[in-house]
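Chain letters run A, B, ... following the sequence lines, proteins first, then strands; residues in each count from 1.
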2 protein chains.
Amino acid sequence: MEDRNELFGICPFVTSQKVLTGKWSLLIMYHLSKGPVRFNELQRRLPNLTQATLSKQLKALEADGMVIRKEYPQIPPKVEYSMSEIGHKFKIVLESLEVWGNEYIEYIERKK
Amino acid sequence: MEDRNELFGICPFVTSQKVLTGKWSLLIMYHLSKGPVRFNELQRRLPNLTQATLSKQLKALEADGMVIRKEYPQIPPKVEYSMSEIGHKFKIVLESLEVWGNEYIEYIERKK
DNA sequence: CTGTATCCTTGTCGATACTG
DNA sequence: CAGTATCGACAAGGATACAG
């Protein structure tokens, strides 16, 4: 374990954290795990996220190879986002995160 | 799924992402998963992380209930950090992240 | 419908120096 | 040993407006 940047591509945690930096990445990946989604539909499911922000986050995930963007040459345009192969493998992480997240929420409630 | 802030404490992914925002949180949790660690030892294992930053990240994790800080009244002072109960439950997530992270690293290598 | 272009605010991180 | 204080730099996100 040495430098964060040097360790990208070496340490699984450094690498994971880098890919998951986006504030909405988990939520986006979760929605894509249910199947391909169009841009507009995704935005509808993620209120309080502007078009600009959603676009940036999707571009980042696409650049990281997590997400596949498929464009249908139509008018009006149609673009579908889906999980890539490595993205699909991430579903296991999502599942464990979902379980843990709910446990954490319970923990917070008890603490109140 | 509505607002990020409103959903903290409701949606497991929103909640998880909030807890894991820290740039070093995964790495710190990983090291603590091996057992209690003193401040200095932790810093030694995490080069390229200044004392100030490590201190802030630990404070954040402690505030979130992920980490327990135990202070021994000695001279020189000794402080041990360890995983809390909910922190221990996070180990499952760490394990799946480790597996996935390594798969992702392989994926990147193949892409080159 | 699916974006992009700007601009601005905010938060986070790191560097450095200092302390009980 | 285990921090804190301060400061500056930078990146990420959000608001708004516009475009193909």
Side-chain angles (χ1 to χ4, degrees), chain A residues 1-8 13-14 17-29 31-32 36-64 66-82, chain B residues 2-8 13-14 17-28 31-32 36-64 66-82:
Chain A
M1 300 279 177
E2 294 177 5
D3 176 76
R4 174 185 168 82
N5 297 315
E6 287 173 17
L7 286 179
F8 176 76
F13 300 110
V14 172
Q17 190 125 46
K18 197 149 190 176
V19 172
L20 300 180
T21 44
K23 186 172 169 182
W24 301 91
S25 47
L26 285 180
L27 239 5
I28 292 173
M29 291 304 283
H31 283 290
L32 295 190
V37 190
R38 295 181 60 173
F39 186 90
N40 221 31
E41 170 66 10
L42 200 48
Q43 199 193 351
R44 203 184 60 69
R45 294 195 202 167
L46 268 13
N48 300 93
L49 204 178
T50 61
Q51 282 181 331
T53 302
L54 178 56
S55 180
K56 284 178 214 165
Q57 306 264 319
L58 282 170
K59 271 206 178 317
L61 287 171
E62 194 194 356
D64 283 337
M66 299 291 281
V67 159
I68 291 173
R69 192 190 106 111
K70 183 163 187 182
E71 192 172 347
Y72 297 86
Q74 304 177 353
I75 293 185
K78 170 180 175 181
V79 177
E80 244 179 25
Y81 290 90
S82 58
Chain B
E2 293 176 7
D3 176 77
R4 174 185 168 82
N5 298 316
E6 286 172 16
L7 286 179
F8 177 75
F13 300 110
V14 172
Q17 190 126 45
K18 197 149 189 175
V19 173
L20 301 180
T21 43
K23 185 173 170 182
W24 301 91
S25 47
L26 285 180
L27 239 4
I28 291 173
H31 283 291
L32 295 190
V37 190
R38 297 181 61 171
F39 186 90
N40 222 31
E41 170 65 11
L42 201 48
Q43 200 195 350
R44 202 184 60 71
R45 294 195 203 168
L46 266 15
N48 299 93
L49 206 180
T50 61
Q51 279 183 332
T53 301
L54 178 56
S55 179
K56 285 178 214 163
Q57 306 264 317
L58 283 170
K59 272 203 178 317
L61 288 170
E62 192 193 358
D64 283 336
M66 299 291 281
V67 158
I68 291 173
R69 193 190 105 112
K70 183 162 188 183
E71 193 172 346
Y72 298 85
Q74 305 176 352
I75 294 185
K78 169 178 174 180
V79 177
E80 243 180 25
Y81 291 90
S82 57

Checklist entry - How long is the line joining CZ of Arg69(B) and P of dA2(D), in whole Å? => result 10 Å
Next on the checklist: When you measure from the side chain of Glu80(A) to the backbone of Pro36(A), do you find a donor-acceptor pair of N or O atoms at a distance under 3.5 Å?
Outcome noted: no
Item to check | Residue Pro76(B), side-chain atoms from C-beta onward, closest of dC13(C), dC1(D), dG3(C) | outcome: dC1(D)
Next on the checklist: Strictly distance-based, threshold 3.5 Å: is any side-chain N or O of Gln17(B) a donor or acceptor partner for the main-chain N or O of Gly22(A)?
Outcome noted: yes
Checklist entry - Between dT2(C) atom P and Asn40(A) atom CG, what is the distance in whole Å? => result 5 Å
Checklist entry - Contact class for Tyr72(A) vs. all strands (heavy atom < 4.0 Å): base, sugar-phosphate, or nothing? => result nothing
Item to check | Whole angstrom value for the distance that separates C1' of dA11(D) from NZ of Lys23(A) | outcome: 13 Å
Item to check | For Asn48(B) against Trp24(B), the heavy-atom pair lying closest together | outcome: O-CZ2, 3.6 Å
Checklist outcome for this item: Taken to the nearest whole Å, CD1/Ile75(B) to P/dG20(C) is 13 Å
Checklist outcome for this item: Within residues 52-62 of chain A, the residues having a heavy atom closer than 4.0 Å to DNA chain C are Ala52(A), Ser55(A), Lys59(A)
Checklist entry - Atom CG of Leu46(A) and atom CD of Glu41(A): how far apart are they, to the nearest 0.5 Å? => result 10.5 Å
Next on the checklist: Closest-nucleotide mapping onto DNA chain D: is Leu49(A) or Pro77(A) further toward the 5' terminus? I mean the 5' end.
Outcome noted: Leu49(A)
Checklist entry - Which nucleotide, dT2(C), dA2(D), dA15(D), lies nearest any side-chain atom of Thr50(A)? => result dA15(D)
Checklist entry - In whole angstrom, what separates Gln51(B)'s CD from dC13(C)'s C1'? => result 15 Å
Next on the checklist: Can you measure Gln43(A) atom CD to dC1(C) atom P for me and round it to whole angstrom units?
Outcome noted: 10 Å
Checklist entry - Taking only N and O in the side chain of Arg38(A), is any of them less than 4.0 Å away from OP1 or OP2 of dT2(C)? => result yes
Checklist outcome for this item: Tested for side-chain contact (heavy atoms from CB on, under 4.5 Å) against Tyr81(A), the lone hit among Ile28(A), Val37(A), Leu54(A), Leu32(A) is Leu32(A)
Checklist entry - Nearest 0.5 Å, what's the CG-CZ distance between Leu27(A) and Arg45(A)? => result 11.0 Å
Checklist entry - Any idea which of dT4(D), dA15(C), dC13(C) is nearest the Trp24(B) side chain? => result dC13(C)
Next on the checklist: Is there a side-chain contact (heavy atoms from CB on, under 4.5 Å) between Leu42(A) and His31(A)? Walk through the geometry before answering.
Outcome noted: CA-CA 8 Å; Leu42(A) 200 48; His31(A) 283 290; 3.8 Å; yes
Next on the checklist: In whole Å, I'd like the distance from the CG atom of Asn48(B) to the C1' atom of dA15(C).
Outcome noted: 13 Å
Item to check | Shortest side-chain distance from Val79(B), nucleotide among dA2(D), dG14(C), dC1(C) | outcome: dA2(D)
Checklist entry - Quick one: is Tyr81(B) getting a side-chain N or O under 4.0 Å of the dG3(D) phosphate, OP1 or OP2? => result yes
Checklist entry - Atom CZ of Phe39(B) to atom P of dT4(D): distance rounded to whole Å? => result 8 Å
